[in-house]
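Worksheet for the structure shown next.
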There are 4 protein chains.
Amino acid sequence: MPLSDKQIKAMEQKREKILQQAIILFAEQGYESTTIAKVAKASGVSFGSVFTYFENKDQLFYHAVTEPLNTVFKVDLLDFDPEAEDLLNEIKNMIDKHIRIFIEMRTYLQLVVQVIGQHTKFPEPFKELDEFSLEFIQKLILMITNAQRRGILEESEADLTAKAYLGFLLGIRLTFTDYAVSYIWEKLKIPAFQLLYPKR
Amino acid sequence: MPLSDKQIKAMEQKREKILQQAIILFAEQGYESTTIAKVAKASGVSFGSVFTYFENKDQLFYHAVTEPLNTVFKVDLLDFDPEAEDLLNEIKNMIDKHIRIFIEMRTYLQLVVQVIGQHTKFPEPFKELDEFSLEFIQKLILMITNAQRRGILEESEADLTAKAYLGFLLGIRLTFTDYAVSYIWEKLKIPAFQLLYPKR
Amino acid sequence: MPLSDKQIKAMEQKREKILQQAIILFAEQGYESTTIAKVAKASGVSFGSVFTYFENKDQLFYHAVTEPLNTVFKVDLLDFDPEAEDLLNEIKNMIDKHIRIFIEMRTYLQLVVQVIGQHTKFPEPFKELDEFSLEFIQKLILMITNAQRRGILEESEADLTAKAYLGFLLGIRLTFTDYAVSYIWEKLKIPAFQLLYPKR
Amino acid sequence: MPLSDKQIKAMEQKREKILQQAIILFAEQGYESTTIAKVAKASGVSFGSVFTYFENKDQLFYHAVTEPLNTVFKVDLLDFDPEAEDLLNEIKNMIDKHIRIFIEMRTYLQLVVQVIGQHTKFPEPFKELDEFSLEFIQKLILMITNAQRRGILEESEADLTAKAYLGFLLGIRLTFTDYAVSYIWEKLKIPAFQLLYPKR
DNA sequence: AATGAATGAGGATTCATTCAT
DNA sequence: CATGAATGAATCCTCATTCAT
């Protein structure tokens, strides 16, 4: 007897709820301190149900890290055009967008920082993050190179500059831990832009 | 009968050995995955001995975070003079030094990143780090303000710039995870300097 | 999906089994020497299951002391009528009953003796015992006072006599440790009665 | 090199101090909860020294139970004369003395109660207590029999009466736990005497 | 599919005891 | 003799996971 559409929908919602709560708990308490029981309670399901949707704790963690990455995070961070006509403006818009994303996804980024910081402990999820970061860097390099060629940015090693830019984004996430940060982040556009070594 | 000097020395060395191994393990595997047994084995002592030198796992972690901070880290990071005659040179030397420290203390910084990233989980060690970061920022602000006044740096909100600089240092620690980084870091002086918004 | 009646029943029986074995072990070996593993083994369950039914060892001990108290012990010991018509007969029946209870509940009383003897170590269970003993004493005083008024007992401080009577019951539990005591206890009715200072 | 008298004396005092503190701690906290370290601290010596005077924890407990027994306790409790001229007076004096001892040696009796209450756990010290109790009972029987023959006490089974008397002494130790009991105990002479079934 | 009882591996910690100084 | 560092057995408890209902 196949499941009805309504049932499928309900199950998908339940899975999503579990995943969201898992992200929050993993981010705030770390992998070991986050128990399946806590996730279940926060999601309003029995802990047995968590195993219905995720094979085991490892898999739950893996999905907590990779699903937001592959849906929103990746899409939003890569949403800039290295070949844009008005490249200076495109760069400024990109910085604005990136900073906004890093504000909004604070919890998820806490999780990302853990995976990167202890990558030997989390090889599978780290691999996904690493691959994305390479892709991100590649696209940044493209943009930087173009901008240099067009005299918008000073000459520099684009690869290094791109990595420094990514490092900066992650770093400020650590430095401005839980301020009501929105207004501070607004100002962070300036150093972020400086990092790219703009012509004056 | 008090302990002989030789014994005291031996104990201090043993304590140091345990602490060093704890730092490595905590950094690489995190708090929970680092068992007292692992630390003991890595240090070549019985697990019971760990409790001779550290009250409990919590305390061991606390000391793993704070002792390097209060000995080398703090001293080295604060070793610059905001009132120096040749301030431009002082700033460049500072950046050079800071970057070198962040290279050399990779493992320790992995630990720092964890504490900051999950500060609600580690309130006591975080407090120490936070206090130091405030002190560090204060001194940076002083230097930046002086440099702006003397026309070495462009005008900017010194507080924000200082925090961005610290964020950058932490962030590149995450981005350049385990490269043989020395030669890359050499180049990182440039973006680090740009971040401070130098006059051209 | 709620548990079936059969399951609930099975669980109640398991809990009871654990509690009974815990009482025996605590009584014979004391609190610390009674390990959760021993209780589990004696009950035929895994040690993990003990924690399914009792929060921790402390709670298990607490319930081992208080549950028999509140079910059989309390009820049986208080089952006499201080206002009975034929008070002399009522007193003799009471003594008979009390002594029989103290015979039958030997193991439980071993446990009670420990809690009283080391009451600073077991404040919560002791509180329960102490409250019951006050209630018991109160009712005894009532009976003794009535009996004195009706000329069945000689004058004496009822409060003291009541406590002496309770002390006697506990004391013989210690003195006649593990005899096949039934026939001896039969004879103990005489001194128990004398303690109440009967008119001759 | 033989020890000087002064040294020997100092050592004896140290041993005594350790034993006294051990009695207190064993009585109040029980066997397992009393650690060698606690005893050492209370005695003002290093825990290593405890092992200089007592082979191990078991032996320390054994001596804590038996030494007071064989010095003061035994002597004082047996200090009555079953063949005394004025036997009624002798009995009353005996009761008075016994009760006084049970007041004064409260802590030690807490320990005794533990050993009796968990005698399977403490076979060696229990053996000593049991032997003494037999001796005590024997002497009591003698006195009771004589008193009955002389018409001071009513007829009863002397053996049972003697045990009831001992039980009573132990029992009130449990019932009147930590009152400022002296004045209450004074009054306890009456029921204690009644227990022996005196002629009126 | 959902529930939660049962299990036992694993880990922190305590503490008696040994033994070098 | 006195001291206390070192050791590891033993214990409580947590928690992922399995599986019967």
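A, B, ... follow the sequence lines: proteins, then strands. Residue 1 opens every chain.
- Within the structure, salt bridge (Lys or Arg N to Asp or Glu O under 4.0 Å) contacts touching residues 17-26 of chain B (residues at least two apart or in different chains) do not occur.
- Taking 4.5 Å as the limit, some side-chain heavy atom of A:Leu19 sits within range of a side-chain heavy atom of A:Leu60.
- Atom C1' of nucleotide E:dC15 and atom CG of D:Asn56 are separated by 14 Å, given to the nearest angstrom.
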Bracket string, DNA chain E, 5' to 3' - pairs by Watson-Crick or G-U geometry under 3.5 Å, | interstrand | .||||||||||||||||||||

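- Rounded to whole angstrom, the span from the CG atom of D:Asp58 across to the P atom of E:dC15 amounts to 17 Å.
- Spacing between atom NZ of A:Lys41 and atom C1' of E:dG4 amounts to 15 Å, rounded to whole angstrom units.
- For the pair A:Ile116 and A:Phe122, the minimum side-chain heavy-atom distance is 4.5 Å or more.
- Partners of B:Tyr108 according to the ring-ring contact (aromatic ring centres under 6.0 Å, His included) rule, which considers only residues two or more places apart in sequence or in another chain, are B:Phe73.
- The side-chain heavy atoms of B:Ile36 and B:Phe51, taken from C-beta on, include a pair separated by under 4.5 Å.
- Rounded to an integer number of Å, the gap from CD of C:Gln7 to C1' of E:dA6 is 12 Å.
- Here B:Glu32 does not pair with B:Lys57 in a salt bridge; the nearest charged N to carboxylate O distance is not below 4.0 Å.
- When side chains are defined from C-beta on, C:Asn56 counts as touching C:Gln59, because their heavy atoms get closer than 4.5 Å.
- Considering only heavy atoms from C-beta on, D:Gln20 comes within 4.5 Å of D:Ile23 through its side chain.
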Using atom names, set out every protein N or O paired with an N or O of nucleotides 7-9 of chain E below 3.5 Å, distance rounded to 0.1 Å.
unit_1: E:dT7; atom_1: OP2; unit_2: C:Ser46; atom_2: N; d: 3.0
unit_1: E:dT7; atom_1: OP2; unit_2: C:Ser46; atom_2: OG; d: 3.0
unit_1: E:dT7; atom_1: OP2; unit_2: C:Ser49; atom_2: OG; d: 2.8
unit_1: E:dT7; atom_1: O5'; unit_2: C:Ser46; atom_2: OG; d: 3.4

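- Rounded to an integer number of Å, the gap from B:Phe54 CZ to E:dA12 C1' is 16 Å.
- The nearest whole Å value for the distance from the CD atom in A:Gln13 to the P atom in E:dA1 is 17 Å.
- Taking atom NZ of residue C:Lys57 and atom P of nucleotide E:dT13, one finds them 18 Å apart after rounding to whole Å.
- Interface residues of residues 26-39 of chain D facing DNA chain E, ordered by number: D:Thr34, D:Thr35, D:Ile36; criterion, heavy-atom separation under 4.0 Å.
- Looking at heavy-atom distances under 4.0 Å, A:Tyr53 makes contact with sugar-phosphate atoms alone, never a base.
- Looking at residues two or more places apart in sequence or on another chain, you find a side-chain hydrogen bond (donor to acceptor under 3.5 Å, both in side chains) between D:Asp58 and D:Tyr31.
- F:dA20 atom C1' lies 16 Å from atom CZ of A:Phe51, rounded to whole Å.
- Between D:Gln29 and D:Lys38, the side chains place a donor N or O and an acceptor N or O closer than 3.5 Å (distance only, hydrogens not considered).
- Between D:Tyr62 and D:Glu67, the side chains place no donor N or O within less than 3.5 Å of an acceptor N or O (distance only, hydrogens not considered).
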